[in-house]
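The model shown is predicted, which means the values in this text are computed figures rather than measured ones.
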Amino acid sequence: VANTLYEIATVHYNTDNTDLAIDCLTESDRIWKVKLTSSEKLSTVLLHSANLWKSLQAYEAAEKNFEQALECAIDLHGKDHELVASIFLRFGEFLHEINQIQQATFCFDEAIRVRTLLFGENSPNVAQVEYSKGVALLFHGDFEDASNCLNRALTIRQEALGPQHEEVGNTLNTIGFLHLRMGNFSGDEALDPL
């Protein structure tokens, strides 16, 4: 029933019936939290629900579910697990969206720490977080740190995925945009990556 309510909430969201989506998602969350105790399934469900709450711009509910998903995953696996890193990454992206950049940066840094420990510092999994952190810093005007993150992501992605990979192209595009935001119009700093 909880899963069906979640799917109905998704349909209502996609058809702009926000109130009905919120009602269904609220009931879905209630059922899951009663039926599932601290488990990986609950953590995953709360993460999916948090993302839908975010899409509905119900930020308080989204933040609560991200926090509970993270707490549940840490209770189950400890702090050094991929599920924990994934939740930190999504939570960081959410916190960036609601302009809580310090908390977002903490989440990104934890995701980088865990993924570096698990996969090594030159893993595309690490590059994914570096990229997200760079984008967040870019939109908050911290251009130097954004550039550092995006260039680390680019280096890892070029070496691990090859120069023609889509993620390399996306990173180059974002670096070009960063230089435009910095006002670097006269040289090739923006033009070359674009």
Give a yes or no on whether the backbone of G169 and the side-chain of N173 come within a donor-acceptor separation of less than 3.5 Å. no
Between K133 and D145 (salt bridge meaning N to carboxylate O under 4.0 Å), is one present in this structure? no
What I want to check is whether the side chains of E159 and T155 have a donor and an acceptor closer together than 3.5 Å. no
Hey, does Q68 have a side-chain heavy atom less than 4.5 Å from the side chain of K33? yes
Charged N to carboxylate O under 4.0 angstrom, E93 versus R90? yes
Which pair of non-hydrogen atoms, one from Y6 and one from H48, has the smallest distance, and what is that distance? OH-O, 3.6 Å
Which heavy atom of L150 sits nearest a heavy atom of T171, and at what distance? O-CG2, 3.5 Å
Side chains of H165 and Q158: is there a donor and an acceptor less than 3.5 Å apart? no
Could you check whether any side-chain N or O of T116 sits under 3.5 Å from a backbone N or O of I112, counting only pairs where one atom can act as donor and the other as acceptor? yes
So, S86 versus R115: side-chain donor-acceptor pair below 3.5 Å or not? yes
In terms of heavy-atom contacts, L76 and S39 come closest through CD1-C, 3.0 Å
Determine yes or no for a side-chain-to-main-chain donor-acceptor pair under 3.5 angstrom, with S28 supplying the side chain and L5 the backbone. no
Regarding T174 and Y131, is there a side-chain donor-to-acceptor distance under 3.5 Å anywhere? yes
Under 3.5 Å donor-acceptor, D16 side chain and H12 backbone: no
W32 versus N3, closest heavy-atom pair with distance: CZ2-N, 3.8 Å
So that I know where these two stand, are F108 and F88 an aromatic pair - ring centroids less than 6.0 Å apart? no
Would you please classify the geometry between the H140 ring and the H96 ring as parallel, tilted or perpendicular, with 30° and 60° separating the classes? perpendicular
Determine whether the side chains of K54 and N65 contain a donor N or O and an acceptor N or O closer than 3.5 Å. no
Are E27 and R30 within salt-bridge range, i.e. N to O under 4.0 Å? yes
Can you hop from Y59 to L70 via hydrophobic side chains spaced under 4.5 Å? yes
Indicate yes or no for a side-chain donor-acceptor contact from N184 to the backbone of L180 under 3.5 Å, with no hydrogens or angles considered. no
To the nearest 0.5 Å, what is the distance between CG (L117) and NZ (K79)? 13.0 Å
